[in-house]
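Excluded from the calculations below are hydrogen atoms, water molecules and symmetry mates; all remaining heavy atoms, backbone and side chain alike, are included.
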Amino acid sequence: MPDDDATGEDADGRRDNADGQAGDRADRPRMARRGAAWTATALACVFVLSALIAPNEIGRLTPGAFVRVPLEGLLGAALLLVLPGRARKAAASLLGVVLGLLVIVKVVDIGFYATLDRPFRPMFDWSLLGAAMEFLGQSIGRAGAIGVMAAAVVLLVAVVVLMALSVLRLTRLAVRHGTAAARAVVVLGIVWVACAVLGAQLVPGVPVAAVAFDRVLQVREDLLEQRRLAAKAADDAFRGVPDDRLLTALRGKDVVFSFVESYGRDAIEDPRFASQVGAVLQEGDRRLRAAGYTSRSAFLTSPTAGGGSWLAHATLLSGLWIDNQQRHHDLVTGDRLTLTRAFRRAGWRTVAVMPGNTRPWPEGAFYGHQKVYNRPDLGYQGPPFNWDTPPDQYTLETFQRTERAGAGQAPVMAEIPLVSSHSPWAPTPRLVGWDDVGDGSVFAPIAAAGDQWQDVWRSPGRMRTAYRRSIEYTLSTLVSYVETYGGDDLVLVFLGDHQPAPIITGAGASRDVPITIVARDRAVLDRISGWGWQDGLKPGPNAPVWRMDAFRDRFLTAFGTSPAPG
């Protein structure tokens with residue numbers, strides 16, 4: 001009997017244990033599914049909230065910036081709670097798509113702030129996609145650029161789809177807990193109103209009462225500014241000036257307007273660059289004065305930063321503030337009197353030397369250029385520098401040989417962007433003898449021995465060093481050009497187009513760029529004595545600062561052009 005009892009107890013224990021183990025095994029999948037469900041819900045909540053309240057600048061991505069109450073989230077939740085089943089699902093899907101697009105805009109904003117120091121403007125900036133593809137193709141090859149673009153498209157679609165699924169998931173959860181969800185919306189709505197009235201901020205400049213879709217107001221403002229530009233372009237006091245009264249004080253001079261890529265105020269004032277760049281300008285001053293030249297310098301405020309050089313060119317030459325692509329399109333499809341057109345009407349031969357253009361430049365006709373030298377027209381046979389461009393010395397030597405060297409030619413007015421200081425700033429060229437420039441093959445050993453951009457871009461410090469060296473090179477090249485090919489008949493105006501990207505300057509840099517006029521004929525600089533510009537190639541901290549769109553009218557007036565009556 002004891003043996004029987006013992007046998008019975010062991011059997012029952014084994015059965016109980018087996019049942020428990022079977023129950024544990026059955027619970028594990030349920031627990032795993034439950035954990036996965038809660039994880040997915042938490043991720044969906046974080047995804048949606050980030051779309052609504054995440055900042056659109058890297059520098060503002062702090063924990064305090066996420067302690068906000070988004071108005072659109074409250075309104076969307078309230079709407080989804082009151083809608084019936086099918087309408088709720090459709091509305092949740094649509095809201096998810098819209099939030100996905102908002103995430104994309106914010107990510108693009110981050111990129112724009114990092115490179116151009118401004119947010120993305122949906123009305124105007126889509127056309128920059130082609131320029132970005134071209135830059136990528138020249139930097140990493142066509143196949144690499146296509147791969148990057150394909151990956152970006154897949155990522156954008158994934159963001160929209162995941163956001164729609166996230167909103168649908170949170171909507172189902174809110175409906176299952178309808179009473180609690182409704183109470184939460186009401187309480188948070190009261191909090192939002194109170195914070196909005198009080199202007200509550202946990203982080204300076206970031207209100208707790210958040211509005212995610214405030215960019216919609218920017219679209220309306222962008223549409224209005226097109227009308228303002230058209231009105232300002234039509235109101236041109238110099239349009240009706242007779243040809244024989246234009247630029248009379250510069251007759252017989254070759255006038256060169258040279259835009260130095262990314263030559264911003266930080267290049268001569270930021271301690272990371274100022275001593276070396278300043279030394280180049282100081283030595284250039286000494287050499288030019290010894291050769292009989294004088295110069296005056298100041299600052300202009302550029303309409304762009306980090307990129308978009310053509311916007312600065314358009315602003316300086318047209319006298320209109322061109323700070324986005326739509327304004328640029330409206331300008332070049334009109335008939336505004338540019339500085340180039342004024343020189344052409346006054347009898348100058350007008351040319352543009354564009355080493356960055358790989359194909360025909362239709363805007364050249366608007367500006368009034370009689371001849372445009374694009375990159376294929378320069379005949380460069382040397383190695384590529386930066387984004388597959390010739391060195392600035394080759395560009396200037398080609399201009400000299402084709403436009404200034406012949407005897408008996410009409411005075412020339414030239415627009416010449418110098419792009420050796422364009423990102424990625426490596427490899428950096430080096431000056432050679434002007435007689436040795438030839439077809440550019442002489443630069444091959446320099447390119448081979450120089451830093452490559454793939455190495456430079458591994459470190460922000462190396463990037464800044466490469467940027468500084470490229471600015472030093474271009475400024476040295478300009479000084480050497482004036483020494484070698486100048487004379488009483490040369491007037492050189494050189495200026496920066498914009499500050500470099502924030503990765504070089506840091507956040508919050510000004511948009512000022514240096515501008516300098518160099519001439520051997522003192523009568524030229526006497527004409528601008530009333531401007532208050534400072535002597536020398538380097539403007540000091542207290543030098544005058546003008547908006548870049550003010551330059552055209554002041555230049556025309558100083559050199560003999562009076563506005564037409566009325």
Side-chain angles (χ1 to χ4, degrees), residues 115 135 138-140 258-264 266-268 270 272-284 306-307 309 353-356 375 378 380-399 416-434 436-481 483-484 494-501 503-505 513-514 537-538:
T115 55
F135 177 76
Q138 293 171 350
S139 299
I140 64 175
S258 185
F259 292 87
V260 178
E261 173 68 37
S262 299
Y263 177 40
D266 278 36
I268 61 174
D270 189 312
R272 294 171 292 188
F273 320 121
S275 60
Q276 296 93 332
V277 175
V280 170
L281 293 173
Q282 184 177 11
E283 174 63 12
S309 304
V353 185
M354 311 297 287
R375 189 186 306 172
L378 299 180
Y380 180 64
Q381 300 300 313
F385 287 83
N386 291 332
W387 47 293
D388 196 21
T389 56
D392 291 336
Q393 186 178 13
Y394 182 87
T395 299
L396 291 172
E397 171 64 26
T398 303
F399 163 68
I416 309 179
L418 298 178
V419 297
S420 290
S421 52
H422 193 290
S423 63
W425 306 297
T428 303
R430 190 174 67 247
L431 271 171
V432 300
W434 290 92
D436 299 328
V437 172
D439 65 359
S441 301
V442 68
F443 296 104
I446 299 173
D451 293 335
Q452 302 304 303
W453 72 265
Q454 297 93 331
D455 299 324
V456 167
W457 277 58
R458 293 176 181 173
S459 163
R462 292 187 67 181
M463 290 171 63
R464 294 188 184 100
T465 299
Y467 161 74
R468 172 181 58 77
R469 289 174 176 168
S470 69
I471 292 292
E472 293 173 37
Y473 163 76
T474 298
L475 295 177
S476 298
T477 300
L478 280 169
V479 170
S480 181
Y481 174 81
E483 282 184 309
T484 306
F494 73 90
L495 68 151
D497 49 10
H498 52 69
Q499 288 263 52
I503 195 170
I504 299 297
T505 64
V513 297
L537 301 179
K538 177 184 175 182

Which value, rounded to the nearest 0.5 Å, describes the distance between [X] atom [atom1] and [Y] atom [atom2]?
{"X": "I504", "Y": "R468", "atom1": "CD1", "atom2": "CZ", "result": "11.5 Å"}
{"X": "T395", "Y": "L378", "atom1": "OG1", "atom2": "CG", "result": "6.0 Å"}
{"X": "F273", "Y": "I471", "atom1": "CZ", "atom2": "CD1", "result": "9.5 Å"}
{"X": "Y473", "Y": "T428", "atom1": "OH", "atom2": "OG1", "result": "9.5 Å"}
{"X": "D436", "Y": "E397", "atom1": "CG", "atom2": "CD", "result": "10.0 Å"}
{"X": "Q499", "Y": "D266", "atom1": "CD", "atom2": "CG", "result": "4.0 Å"}

Just by distance, do the side chain of [X] and the backbone of [Y] share a donor-acceptor pair under 3.5 Å?
{"X": "S476", "Y": "E472", "answer": "yes"}
{"X": "S421", "Y": "E261", "answer": "yes"}
{"X": "Q393", "Y": "V432", "answer": "yes"}
{"X": "N386", "Y": "S423", "answer": "no"}

Between [X] and [Y], what is the shortest heavy-atom contact and its length?
{"X": "V456", "Y": "A426", "value": "CG2-CB, 3.8 Å"}
{"X": "G264", "Y": "P514", "value": "C-CD, 3.6 Å"}
{"X": "D392", "Y": "V419", "value": "OD1-N, 2.9 Å"}
{"X": "F385", "Y": "A447", "value": "CZ-CB, 3.6 Å"}
{"X": "P355", "Y": "R375", "value": "O-NE, 2.8 Å"}
{"X": "I503", "Y": "M463", "value": "CD1-CE, 3.7 Å"}

Practice task
Count the heavy atoms belonging to other residues, nucleotides or ligands that lie under 6.0 Å from CZ of R430, then report whether that count exceeds 12.
Solution key: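 No - once you tally the heavy atoms of other residues, nucleotides and ligands closer than 6.0 Å, there are 12 at most.
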Handout entry: Neighbour count >12 (heavy atoms, 6.0 Å) for atom CD, Q452
Key =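 Check passes, neighbour count above 12.
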Any non-hydrogen side-chain atom of [X] less than 4.5 Å from a side-chain atom of [Y]?
{"X": "T477", "Y": "L431", "value": "yes"}
{"X": "W434", "Y": "S480", "value": "yes"}
{"X": "L475", "Y": "L537", "value": "no"}

Exercise for the section: Examine the side chains of H422 and S262 and answer whether a donor and an acceptor come within less than 3.5 Å of each other. Expected result: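 The answer is no; no qualifying pair exists.
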Exercise for the section: Taking ring pair (Phe, Tyr, Trp, His ring centres under 6.0 Å) as the test, write out the residues that go with Y394, two or more places apart. Expected result: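 In terms of ring pair (Phe, Tyr, Trp, His ring centres under 6.0 Å), with neighbours along the sequence ignored, Y394 is linked to Y380.
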Exercise for the section: Flag the pair D270 and R464 as a salt bridge only when some basic side-chain nitrogen lies within less than 4.0 angstrom of an acidic carboxylate oxygen. Expected result: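 Salt bridge: no.
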Practice task
Applying side chain to side chain contact (heavy atoms under 4.5 Å, CB included), run through Y263 and L418 and close with a yes or a no.
Solution key: CA-CA 10 Å; Y263 177 40; L418 298 178; over 6 Å; no
Exercise for the section: Kindly assign one of parallel, tilted or perpendicular to the pair W425 and W457, based on the angle between their ring planes and the thresholds 30° and 60°. Expected result: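 Parallel, since the angle between the ring planes stays under 30°.
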